[in-house]
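In what follows, a structure is listed as structure tokens, so that the remarks can point back to it.
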Amino acid sequence: MPDKTMSAEFNVTPQKVDAVVVGAGFAGLYMLYLLRDKLKLNVVALEAADGVGGVWYWNRYPGARCDIAAAHYSYSFSKELEQEWVWPEKYPDQPTILKYLEHVADRFDLTRDIQFDTRVEIAEFDDKEQRWLVTTKKGDQYSAQYFVPAVGILSDPKIPQIKGHENFKGGSCFSGRWPKEGVDFAGKNVGIIGTGATAVQAIPVIAETAAHLTVFQRTPYFAVPLQNKVMTEAEDKRMKASYAKIRKHDRESVGGMTLSEARPSAMADTPEQRKAHYEQRYKEGTFNLWVASYDDLIYDRESNETAAEFVRSKIRERVTDPEIAELLCPPKGITFGTKRQPCETGYFEAYNRDNVTLVDLNQTPIEEIVSEGMRTSDQTHELDYLIFATGYDAFTGSYLKMNITGRNGLALKDHWSNGPRSYFGLSVTGFPNMFIITGPQSPSAFYNFPLGIERHCDWIADCIVHTNGRGMAAVDVEQKREEEWVAKVTAIAEETLFPQASSWYMGDNIPGKPRAFAIYLGDGQVFYEMIEREAADKYPSYNFVPKGGEKTGTEASARVKT
Ligand code: NA7
């Protein structure tokens, strides 16, 4: 934490801006563009990395790739941008997406208002001034009317504390903090902990260059093929000609992207019909098997088990050693699709290679890391390099790290002590003029992020126009509305199998984290209609504080509806 007396000591006056945006990924870049270029506000974006990109800056691990096709996973706000950018593959890889975001930052001249290498350490709402005071790790301070953390849901790494790590003489890294210069695995014995969405992408690629790859698996996943392909010139042309249609369809869809149509119930089909249907969805790839095979898979255990068994049969087909295949099959009791669905390219075939070993941590748990590698209960696995693909403190971690304090000294960590609470994943009661983007209790990870981000940012910009236009100093959502929204999100989740599974969706991967389902599981189109109605009705769920309101009367009497 920076020394809070620093600015007083050096007599530094906080730099006054209209808005501080935190982060320069998809969300931060678009928010900066809107607030600065459309609303003509004075904005600074603070970014911990030395470049733009957000998760696509950090996740440079081999094989990192988007599971949503570029036709959907891209900005829609600029027709020119759509037409000039060429996506070389259907599902773009990390270097391509990073280049795209760098291009966006250049094209819209955003970089000049981004402070890189700048991590926010404290953000406090000043009740008297009705402004946010944002302090960075370096000790710089900004006084802003609006505070917009655009930090995403997966940017706080979770590296397990394993005994002896400090004694390891090889190299190691976290998948989402991959060295910029890359890692040369030629001739090396490499170990990887984790078999989630990240590891599933990295394992087949690393296996191609490493002398040996040892995979430490705690839980097998129902990974399904991505079905990536190179885009031909003709396909690129067709995509560019169809953007208007694609975007319209995305906006009217449940998840903000175009997938196949689901049938209502797996149990209503015969086993033969089901198999043929699953085969089709498996062939289509990406999230089709998960969300576009049967509507009841996430509600009904019996239906879910039919999809689970189908994926197991595919694993058994693809992995030549039956014992290894069994270890890679999630056992009965683990439901399909209730953890993050990994999409893969050659993942299961990697285990057919002589240079890949699968270690089942349930049979032989990790005991400690030793100088020469990883010691499990039965042996020492010699390693030159160890990768932690162990996930994130999702949804809340990156917000809580910023030590955010709202009205009357309310700490966000206390407000969220029983799990995150928000209204629409946009506002948090008691944190006036703070807007979050695709935050907890929004459709979040169950909606195409770039589109969800654009729709959230558009909403935030409109709300700021409304607030400023009426001469108000601050806007804060009513507590009752937040309570109702959290209850609604929880009730929708409770009807599904998600809360019964162990996953980062529920906070289960972080010891001591309260269990709460942080995603609105309802129809995305309905969600966006709701937030658009809130705006059209002039924000009935919000209270506004007039300029000077806090000085002239009690807080309650100063709060008004506009
Ligand atoms: P995930 O999905 O959280 O996966 C983390 C993996 O690491 C998972 O297999 C975990 O096993 C495993 N893990 C975590 N801690 C340990 C310890 N202590 N010992 C052994 N294994 C462990 O993270 P990803 O990065 O793969 O994916 C997250 C998102 O980022 C994803 O949506 C992508 O879009 C990008 P577990 O299942 O908990 O038993």
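One-based numbering, in listed order, for ligands and for the atoms of each. The chain is numbered in sequence order, starting from 1.
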(message) Counting only heavy atoms and a distance below 4.0 Å, can you name the residues contacting ligand 1?
(response) L154, K158, P160, I193, G194, T195, G196, A197, T198, R218, T219, Y221, K339, R340, L361, A389, T390, G391, Y392, W504
(request) Using the ring of F216 (Phe, Tyr or Trp, six-membered ring only), decide whether R218 places NZ or CZ under 6.0 Å from its centre and within 45 degrees of its axis. (result) no
(request) Any pair with a residue in residues 434-457 that passes salt bridge (Lys or Arg N to Asp or Glu O under 4.0 Å), sequence neighbours left out, goes on the list, sorted by first then second residue, please. (result) R455-E532
(request) Verify the distance criterion only: is there a donor paired with an acceptor across the side chains of T286 and N288 at less than 3.5 Å? (result) no
(request) Mark yes or no: R177 above the aromatic ring of W58, with NZ or CZ under 6.0 Å from the six-membered ring centre and no more than 45 degrees from the axis. (result) yes
(request) Using ring pair (Phe, Tyr, Trp, His ring centres under 6.0 Å) as the criterion, point out the one residue from Y278, Y294, W290, F336 that pairs with F310. (result) Y278
(message) Is the shortest side-chain heavy-atom distance between V359 and Q217 below 4.5 Å?
(response) no
